[in-house]
Every structure is written in C-alpha cells, then in structure tokens.
S.K.: 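A single structure is presented below for examination.
Residue numbering restarts at 1 for every chain, and letters A, B, ... go by the order of the sequence lines.
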Amino acid sequence: MKVSCRLGLCLILFSHIALAGPAQSGRSIIFPSLNKQPKLEEEVLTVYGAVNHRVISPLFKAYQEAYSNVAIHYTESNTRHLYEQFLSEPNNRPDVMLSPAMDLQFKLANDGYALAYDSPELGRVPKDSHWRSELFGFTYEPIVTAINTDILAREALPQSREQLLNLIRSKNHLLDEKIGLFDIQQSGLGYLAWAYDGQQSRSYGRLLEAFGTHQAQLYTDTASMLDGLLKGQIFIAYNLVGAYSYQWTQKYSWIKTIMPTDYTTIIMRTAFIPRDAQQPTLAKRFIDLLLSPEGQHILANQSALTPISAKVKGPFSRDELNKLPHGIFRPIPLGLELLIQTDDAKKRLIYSEWRDAIQPELKRKK
Amino acid sequence: MAKATTSIRRQLILMVAAVLIVINIIALWSAHIYANRAAKESYDRLLYGSALQMAENITILDSQVFIDLPVSAFETLALSASDRAFYAIMNGRYQVLTGYKDLPSIPFTQLLQQSSEKEKFIPIYYETMYHGEEVRFVALGKRLLEADSVNDVFIIVGQTSDARRAAATEVSQMALQFVALFFVITLLLLLFVIWRVLQPLQAIKQAITERSPQELSPLEANVPSEVAPLLKSINYFMAQLDNTLSRLQRFTAEAAHQIRTPLAGLNSQAQNAIDETDEALRQKQLQHILESSNVLTGTVNQLLSRATLTHRYQSHPFSPVSLDHVVKETCRELVVWALERQVEIEYLGDIQVTIKGDEFALKQMLQNIIENAIKYSPKGGVVEVELMVMNELADASIRLQIRDQGVGVPDKDKEHIFEYFYRSPDNFTSGSGIGLSIAKDVAEHHDARFHLKDNSPSGLIVEVSFPQQKGLLYES
C-alpha cells in the first residue's frame, strides 16, 4: 500500500508540472517496483515517450502488477525532441520508444534502429497497425479541432474545415492572435498532421492563409495549447490529438471538440524496441501488454486513448468514437508512405510555405 | 518351380514413378526459376516506377533544383508492405539533395557516362548491403533543361528483398502444391492403367486357379493381342496334357484287361489240371499253364520296361552311343532265340556311327523291333537288319531298317499298330502288342522318324531315321 501511495503522490506532483509548462526537454519519472520479495533482483525498464505520463501510467501499473520486480523509468518529451535525442545519444537509448509522431518513429524503424519482435498479440490487432514486426501501432486517435464556444456567440459550432474557415472569416479580427497551432518546426506530431492535411485537403492553402492573416499562436505541446484555450488566450485550437481535447471537453463544457466532417485524420501512437535496448525481454513483455486485450482495455477505460483493437469495450473504445459526429476516418498509413513526411526537400517546402504565411519570428509564443 | 523374375507390375510402377519424379523435379525447378525471375521483374518495375515518379517531380528554376516528391512514389514502394526502402536524389557533384546521405555503391561512373553521352537515361539496377540487409537499388538519371544550361540529377531508390522473396516463395509453393497434386493424380491414373493392362494375365490366372484339375478344355478369355500367344500356348499345352492323360487312361485300362484275362485263364487252367485224372492230359494242361504264364511274364516285362523307359527319359541325359555296336549286340543276343524259331538274322552294313542318345532305351527299341520281326517271320525266313548313312537329301541322316518276310501289315492297320495292345484282328501270334509302341516312343524320344513300309514280295520294313547330329563322326 505504501508503494502505491507513493506512486499516487508522484503522479499528482508531476501532472501539475506537465500541464504547467511545455515539455521541451525530457522529464524523467520513476515508477518504483512493487517488489515485496527481496529475493528478486530489481530490474529497470526504460521508456521514452511523447505520451503524457498520466495517460500511460495505468499501463505501467498493470505491467508492474505482472512483473513486480520491475521499476519503470519513464522520460517524457515532445516528439521531435525524442527523435533527435534518440539519434544524437546512441549510448542513452531506452528499451521502449512511444510516440504519436508516426513518421519519425517509422524513419527510425526503416533505418534499422528497431528490434523485430513477433509478438503473439499481433494476431489480435489490425494487420495494418504494425510494420515488419518492428513498429507497433497501439492507438487509433482522431486529430481534432477544439473551440472555446465563447467566440461563437449565437453562431453554430463549425463541423468541417469549410465551416471553420467561414467562422474565421466572419469573426475576422476577433480571432487575431486567437488561433492556436502546433509549431510544425518544433512538434513532430504537428508536422505530421499538417503535412498529411497537405496531401488530403483542398482547403489546406486557405487554412494556412487564414492562420497567417490572423497571426496564429504556435505551441509545441497539447497541454499548453489546451491551457491557452481554457484561459481564453486562444479560441480555436487546430489539429490536436483527440484524447486530450476530449478530456478537456468533459471538464469544461464551453470547450468543444470537433472531428471535422470533411475528413478526420487518424493517427496511431506507435511503439518500438530499439535494437540496442538494455532490457529487450522486459521491453517485449511491455509490447505484449500494450497490444494484449488487457492493455487495450486499460487504454480504452483508464488512459482515455482509443485503442487500436476494435473489439475492446470502454468509454474511449473505437465503438464510442464511431458514435461521435465525424467525417471519413483517414488513418495515416503505417508504411513507406510516411517516408515522404521525413523527406528534407518536402520539409523545406512545407516549412517555407509555413514561414511565409505565419512569420514565426514575430508571432511565435513560447 | 519356376523362379519368378521381377514382376511386370512392379517394374512398370517403378519406371512410371521414376519418370514422374524426374518430370516433376524438372517442373518444380523451372517453376522456381520462373518465380524468381517473375518476382524480380515485377518488383524491379515497382522500383523503377517509383524512381520515375520521383523524377517527374524534380524541376529546375533559376539554376535551382526544385524537388517535390509525390506521395505516390512512396505508395508504390509501400506495395511491398514488409520491405524497408531508401532513396536519395543527388546532383552531378555527388551532393545529396534529399533523402539518405550514405547510400553505398552508387554507380556514378555509369550515371555520369550516360549523362555525358546525352542519350536517354536507362535505369541501372544493382544490389548491395545497406543497414545490414541486402538492398536492390535502381539508379536513374534525369536531365533538367533550362535556357542554355543542362543539369542532370540522379534518383536512387532501393528496397529490401523480403517481398520479392515472399512472392517467389509463394509462386514456388503454389507450383509445389500443383506438382504434388499432379503427381498423385497421375500416379493414381497410371496405377489404374497398369492394373487394367495387366488384368488379362490376372484373368487367365484366375481362370486356371478356379478350374478343377480334370478340366483341360481350352481357356476362353478375351485378351489383348500381346497376351494371346501366351493363352494359345497354355491351351496347346492343355490339349497335349489332355491327350497324354487319355492315353494313359486307356493304357491303364487295357493293361489291367491284358493282365486279368491271362490270369483268369491261368486260374481256370490250373483248376482243370488239378481236376484232371488223366496224366497225359494233365501234362498237356500244365504245359498250357506254362505257356500262358510265359506270355503273361512277357507282357508284364514289357509294361515294366516301358515304365522304366518313361522314368529314364526324365532322369537320364543323353550321352554318345555307338549305334552300330548296339545294333550288332542286340542281333547277337537274339540270334539263338531266332534260330529256335528257324529264323535267321542278317546284319548288313559296315559303318560305324555314334549318336547322342540313351543306350538302354535304344537297345529296348531294337529288341522290340527285331523280336517282332522274328515273331512274324515264316520258318526259314530271314530278318535283315541294316544300318546306313543317307546323303541323298540336303541333310544327311542315319537310317536303320529291319526287314522281315512275314505277311506284312495292311495299310489300314499301319496307323494302329503303335497303339498299346493293338493286334491285327487276323493275327494269332502270341504277343503283348506293346513292343512296337515302345519302339516308336524311344525313336521319337531321340527325334528319330519311325516308318512302316511294305517289303517285297511280302513282309514289313520298320525304318528308323535319326537326324544328322553335329559333332559326331560316322565313318564308312
């Protein structure tokens, strides 16, 4: 009991910090082992993730219940930082990498940094949710738009990108500096979602133009963007991960989450075991848990992340997601298509369009 | 018991199986080669297609190369879902414009040569290790034209070979399944065909097995032309056997009769002799008994000698026999017995001849013929025995003639004279009627021809012609 109390304490402590500031550099959280038998030697599973630790901790708890001698060292940072750190610190690689930036994760796997593992659980998740038994998608999450309804006055909540553009047009200067975006140059997930929009939508150019004209605010993480939304610093937050946004909506009724009805981008959070992991066996067990019905159930019920498995029930299951108003679900394919997102030339093009429109030197908010 | 050689069925099955296995191995091997080539070609096309799509989207503006790679190029690569892919766009100065910076073994020489020749670029395929895996690359040049300057860029796209291997394996496995199925079906069909073809033999065997031992009528079966001679032989053999058996039957019946009748006579004569009171009559009756007993002894002796001969035929191989010697010896042995009947024996011919044969049997033959001649000769008659070599015809032969001066045999009886116990109806001389048939048997056993001719003015000539035998000398 003592152990879980301590665990609860550190969770509360860190959740506060996590919401307060941007997760620019890595922040480590230790989940001590539940070991009651001193005979068993304590082992450490190192996990790096761009997943909020509060969201992932139920999984860690389940893991430690099964393997009580394992302590988990979790380092949380944003997707791009995670990627760059992985490449720049070859001696400091984790046992498991978790990130929603599918393109960056894929690039690492394609370049041979991932360990292949034929998890017995692979048969229970959709076929296209893993690649080469190296990269494992474990969630199925919509990219959404969150709106502080204070801005709407008597107008209807926009449902599509077209309606969002109309709203921005009609509110005009009211929305100057009141639109929140991920800084695609800082956030891997932001770039992924934005580049994918570029492939999918004809409204992409007009959106960019609108964001530019209204001097959109740039954020590097979801938490600070949602905080800004809550405090009225921004009224519209575009391309957020649904899980966090829906949590906000539950708490604060004036914040609405929209899955655009023209199309809704779906991303998968992915996990892989680095080839030079210190504890590959512990890591494999973690992957097994992550993909198992038990792990997927935890995601759908406690982590508030929509799991990849369509069979699992729970408030955040795929069934529930389907019941919400949405457009065509467009999952970003987990495959070689993602290489285009990491292409330097492509990136330069998108960055330059972005910079031209948004002029980050002047508008960027830390 | 005849030793069976390897069964036709087994030989056929083994050969058919061997041929099938060889054919199937060749088929599998070809399928494997084909599968590999097909997989290689189709995945090379994907690679090339991807490179082309990338090339399509590279342009030049104000001497600045502008690259906007299309998703479709990567979607094309993603068709092989489990393969890694690598790419790079480079300029003529070996600078990587975008993509992987450390791709190995890029065939720059060839690319630059293609570039300098100002010809159309053709794709260059090569394989090399990258990130610890074998990767197949395509390198393709693209010419960028702007005003008066020419700039070439090179597109290099590579992919690991898992999908190719999987595709090749899949085709090979399908081929394996097909070939296995084909093998089993063909083998079953051929087994059926073999069974069907060999069925007539089985049918013959069945027909023979099912018969009672006494049934020797020809087998009636519809058989293919290849088996017909066998059936014919079997039927011929059975006809022979039937013939032999019926002869044996008749012989046994006749022999029983021939022995029983004199025995009955002897019995009654002996009874009469016991009852007879007149000593002179009784003496005469006893004389009769003795004569009958002699005749019976002769008959039994001949039957036994025949049995002996039959046994010898099967157990004694031929050996060289001096024929003239045997003839002379037989004449000598019979000359006393002949003189008792006032008949002379005259031996003619002075040749020496050796043939292959059975001496004992030949002697029995001569004895029987000469005894017969003596028996039917009139008192004071002469039996001529002559041995000669005939060279008249293409093939020389040894001819033995025994000529008597008796009444001869009418032509209608000549056919029957060799039948056991046959005696001319108007013949009253004592005799068993076996002698000549035994002689004929021996002659035939020696492949000799047995002829009966008329002597002039009367009498019978028995002629035995031995065929020429190689390696044996006859001297005149």
Side-chain angles (χ1 to χ4, degrees), chain A residues 87 102-103 105-118 122 126-137 192 194-201 204-205 265 272 274-276 330-353, chain B residues 43 46-47 49-50 53-55 57-61 64-91 95-104 129-135 153 155-163 165-166:
Chain A
L87 287 177
M102 298 166 74
D103 50 345
Q105 294 274 89
F106 183 84
K107 180 85 161 69
L108 291 175
N110 188 52
D111 293 0
Y113 292 109
L115 183 78
Y117 170 51
D118 267 317
L122 286 182
K127 252 188 175 172
D128 52 6
S129 72
H130 48 91
W131 185 73
R132 274 183 72 109
S133 310
E134 291 179 8
L135 192 58
F136 310 98
L192 174 68
W194 183 248
Y196 194 68
D197 275 345
Q199 289 170 26
Q200 300 299 317
S201 152
Y204 162 79
T265 307
F272 72 87
R275 193 161 266 191
D276 34 18
R330 287 256 169 90
I332 299 178
L334 185 64
L336 286 167
E337 295 93 331
L338 288 169
L339 278 185
I340 183 92
Q341 320 284 16
T342 59
D343 180 68
D344 288 338
K346 191 77 176 181
K347 201 174 278 177
R348 281 195 294 270
L349 286 177
I350 292 177
Y351 280 0
S352 83
E353 278 176 346
Chain B
Y43 281 96
L46 287 183
L47 214 53
S50 173
Q53 290 172 61
M54 290 184 186
N57 289 274
I58 302 172
T59 48
I60 191 160
L61 194 68
Q64 195 70 36
V65 179
F66 189 77
I67 304 168
D68 186 7
L69 298 182
V71 192
S72 61
F74 294 92
E75 283 169 345
T76 307
L77 290 176
L79 290 175
S80 36
S82 60
D83 277 308
R84 303 179 199 280
F86 312 100
Y87 69 98
I89 315 285
M90 307 179 90
N91 63 18
Q95 288 169 318
V96 176
L97 302 175
T98 188
Y100 285 77
K101 307 246 184 302
D102 57 348
L103 294 184
M129 296 297 286
Y130 184 58
H131 283 312
E133 274 186 78
E134 190 170 286
V135 183
V153 289
I155 298 111
I156 293 127
V157 186
Q159 199 160 29
T160 53
S161 337
D162 289 12
R165 270 199 297 274

S.K.: Please report the shortest heavy-atom distance between Ala85(B) and Leu336(A), naming the atom on each side.
M.R.: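 For Ala85(B) versus Leu336(A), the nearest heavy atoms are CB-CD2, 3.4 Å.
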S.K.: Side chains of Phe86(B) and Asn110(A): closer than 4.5 Å at any heavy-atom pair?
M.R.: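 Answer yes - side chains close enough.
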S.K.: Name the option with the most non-hydrogen atom pairs under 4.5 Å to chain A; the candidates are Ser80(B), Ala81(B), Gly132(B), Ser72(B).
M.R.: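 Option with the greatest count: Ala81(B).
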S.K.: Using non-hydrogen atoms and a 4.5 Å limit, figure out which bit of Asp111(A) sits close to chain B: side chain, backbone, both or neither.
M.R.: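 Its backbone and side chain both get close to chain B.
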S.K.: Measuring from Lys347(A):NZ to Thr98(B):OG1, what's the distance to the nearest 0.5 Å?
M.R.: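 OG1 of Thr98(B) is found 9.5 Å from NZ of Lys347(A).
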S.K.: Is there a side-chain contact between Thr160(B) and Arg132(A) (heavy atoms, below 4.5 Å)?
M.R.: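 They are in side-chain contact.
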S.K.: At a 4.5 Å cut-off on heavy atoms, which part of Leu97(B) comes close to chain A: side chain, backbone, both, or neither?
M.R.: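 When you check distances to chain A, only backbone atoms of Leu97(B) fall under 4.5 Å.
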S.K.: Which heavy atom in Phe74(B) sits nearest to a heavy atom in Glu337(A), and how many Å separate them?
M.R.: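 The answer is CB-CA, 3.9 Å.
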S.K.: How close do Asp68(B) and Lys346(A) get, counting heavy atoms only, and between which atoms?
M.R.: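 In this case the closest contact between Asp68(B) and Lys346(A) is OD1-NZ, 2.6 Å.
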S.K.: Using heavy-atom distances under 4.5 Å, tell me whether Gln341(A) contacts chain B through its side chain, its backbone, both, or neither.
M.R.: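 Contact with chain B: none, neither part.
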S.K.: With a 4.5 angstrom heavy-atom cut-off, could you sort out which part of Gln199(A) is near chain B: side chain, backbone, both or neither?
M.R.: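 When you check distances to chain B, only side chain atoms of Gln199(A) fall under 4.5 Å.
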S.K.: If you apply the rule side-chain contact (heavy atoms from CB on, under 4.5 Å), what do you find for Tyr113(A) with His131(B), and how did you get there?
M.R.: CA-CA 9 Å; Tyr113(A) 292 109; His131(B) 283 312; 5.5 Å; no
S.K.: Between Asp343(A), Asp344(A), Leu349(A), which shows the greatest number of heavy-atom pairs under 4.5 Å with chain B?
M.R.: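 Most pairs with chain B among the choices: Asp343(A).
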S.K.: NZ of Lys127(A): more than 12 outside heavy atoms within 6.0 angstrom?
M.R.: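 Counting neighbours around NZ of Lys127(A), 12 or fewer heavy atoms of other residues, nucleotides or ligands fall under 6.0 Å, so no.
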S.K.: Against chain A, label Tyr130(B) side chain, backbone, both or neither, depending on which of its atoms sit under 4.5 Å from a heavy atom there.
M.R.: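 No part of it gets close to chain A.
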S.K.: Can you tell if the side chain of Tyr100(B) reaches within under 4.5 Å of the side chain of Leu339(A), non-hydrogen atoms only?
M.R.: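 Heavy-atom side-chain distance check passes, below 4.5 Å.
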